[in-house]
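Below you'll find the structure, written out as structure tokens, and then a few comments.
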Amino acid sequence: MLNVENLDVWFGFPPDRVDAVKQVSFTVAQGESFGLVGESGSGKSTILRAIAGLIDSWSGRVDVAGQAVHGSHRDRAFYKTVQMVFQDPYASLHPRHSVDAVLHEALKLQGMDNIDRRINQLLDDVGLGRGFRFRYPHQLSGGQRQRVAIARALAGNPRLLLLDEPTSALDVSVQAEILNLLTDLRREHGLTYVMVSHDLAVVGHMCDRLAVMQHGQIVEVMEVDALRRGAGQQDYTRHLIRASAGYERA
Amino acid sequence: MTEPMLSVRNLHVSFPTRQGVFEAVRGVSFDLGRERLGVVGESGSGKSMTGRAILGLVRPPGQVRADRMDLGGQSILNLPERGMRKIRGSRISMVMQDPKFSLNPVMTIGDQIIEAYRLHAGGGKAAARKKALEMLKAVQIRDPERVMDAYPHEVSGGMGQRIMIAMMLAPDPEILIADEPTSALDVSVRTEVLNIMDRLVRDRGMGLIFISHDLNLVAQFCDRVLIMYAGRVVETLAAQDLHNARHPYTQGLLNSLPRLDAPVDRLPVLQRQENWRSDPLIDQGLETELPKGV
């Protein structure tokens with residue numbers, strides 16, 4: 001579904017050039033859920049943004065559903081296949097567009113017919129109900145906003161969802177609801193996920209395999225079972241797993 | 001039992017709104033000794049407002065009422081601004097969530113610490129500079145001379161938070177209120193920052209109020225935990241007993257966390273009950289009594 005080879009992403013020009021992602025390669029199979037974990041600045045979100053076409057300063061090879069992509073230009077077919085959900089549901093929805101307007105626009109851009117029926121369908125899919133259709137973002141809680149953002153991403157029946165910390169701005173009880181929703185949607189629609197998170201427990205819950213990143217490079221790719229056992233091949237992985245487990249009094 | 005350092009009874013914080021009076025905090029009571037007291041709750045539970053009310057940081061039209069709010073036997077409830085300023089910083093300090101918004105972006109870090117210190121402790125510039133360097137060393141900043149001359153945008157988030165702690169601790173306060181001090185930090189930096197605060201509590205006998213949404217972290221780091229829901233403390237526990245929590249809200253929060261050691265297909269979702277807002281508390285005594293030996 002997704003194949004990334006020797007991906008480099010940089011920002012700025014020499015001498016101020018920053019190499020945010022260095023020689024990253026990984027493959028995600030159809031129907032798989034793949035996690036990218038690491039601390040801030042490790043380049044995990046940058047990879048998603050490069051794939052989605054939000055950054056043009058990258059090199060390497062990215063294939064999505066067998067099609068190579070280039071630069072920051074993506075055609076309609078790409079956006080039909082790939083959609084992204086962002087971290088902050090307070091920032092990713094237009095404050096003056098109602099839920100109806102947000103979904104209407106997304107459906108129209110995807111060239112869908114029967115928009116009225118589909119909006120109701122999308123709202124049902126993400127567990128919001130039709131009563132939310134004419135509300136504005138400020139009338140919604142954080143979890144409800146993230147549901148709208150997910151509904152918008154689902155508008156074109158995508159096959160690959162790029163999830164950039166989809167629950168880190170939410171309370172833990174709301175996080176559980178959104179993670180359950182994402183689990184159900186993947187099952188019902190046969191979606192493939194690439195999920196970025198700094199929370200190892202969330203990735204452990206959602207993903208089959210994951211890549212641990214540090215300083216723009218993949219330190220190791222591991223199965224989720226190895227993560228649960230705390231069995232990293234690399235020192236950094238074990239350090240990260242231990243530190244995530246919580247606080248041990250020194 | 002020793003005298004509590006801080007004693008709060010029946011604290012209320014309310015805000016008039018167009019829809020009527022909104023009560024952000026509704027009758028919170030607790031005592032703080034020389035301990036690490038965790039305050040846990042979701043967003044909107046009133047945990048930050050409790051911290052702000054203690055320091056007199058609730059802005060009008062917000063109102064703070066309490067039967068009692070004593071610091072070392074002296075009432076600090078609704079002190080006039082002049083009196084409050086003598087307490088803020090020198091006796092009770094606060095570390096906020098995000099160092100990006102609490103440091104002055106156009107002043108070097110050294111100047112900010114020196115200013116904060118001299119405001120409370122007085123003294124000459126040279127002595128304050130020495131103290132600032134000492135504090136930066138105390139929070140494990142490797143190259144304090146360089147950091148003194150740096151601006152906040154030139155340091156990382158973890159370093160910024162340690163600098164905030166250094167600044168808050170320079171006047172040697174009795175109580176530190178830390179409002180989500182590690183939420184903006186990476187896990188490895190988080191451990192360092194917690195170690196620093198832990199040492200301060202042990203070595204200086206400081207009282208720490210640790211406000212956080214992270215139940216597990218609080219259980220591991222603190223001695224005692226208050227769990228807040230809708231402006232009230234619904235349960236108080238010794239931190240090591242957190243996993244035996246009796247209140248359904250506490251249990252629900254714990255269960256909704258994904259766990260690496262216990263994989264599940266679907267996470268249990270918290271079912272909120274209307275009576276959590278108003279039911280009598282589980283154990284009235286626990287709420288206020290200091291544990292023995294503190």
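Residue numbers start from 1 in every chain, and the chains themselves are labelled A, B, ... in the order their sequence lines are given, proteins ahead of strands.
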Heavy-atom proximity to chain B below 4.5 Å, by part of A:Ser244: both
N/O donor-acceptor pair under 3.5 Å between A:Arg228 side chain and B:Asp261 backbone: no
Structural part of B:Arg259 lying under 4.5 Å from a heavy atom of chain A: backbone
Closest contact, heavy atoms only, A:His205 versus B:Pro258: CB-CB, 3.8 Å
Pair B:Asp265 + A:Arg187, salt bridge at N-O below 4.0 Å: yes
Check: B:Leu267 main-chain N/O paired with A:Asn180 side-chain donor or acceptor under 3.5 Å: yes
More than 12 heavy atoms from other groups under 6.0 Å of CZ on A:Arg152: yes
Part of residues 171-179 of chain A lying next to chain B, heavy-atom separation under 4.5 Å: A:Asp171, A:Val172, A:Ser173, A:Gln175, A:Ala176, A:Glu177, A:Leu179
Per-residue contact mode, B:Leu257 against chain A (heavy atom under 4.5 angstrom): side chain
Any side-chain heavy-atom pair of B:Val187 and A:Glu39 under 4.5 Å: yes
Atom pair CG (A:Leu200) and CG (B:Leu260), whose distance is rounded to the nearest 0.5 Å: 6.5 Å
Side chain, backbone, both or neither of B:Arg199 within contact of chain A (heavy atoms, under 4.5 Å): neither
More than 12 heavy atoms from other groups under 6.0 Å of CD on B:Gln240: yes
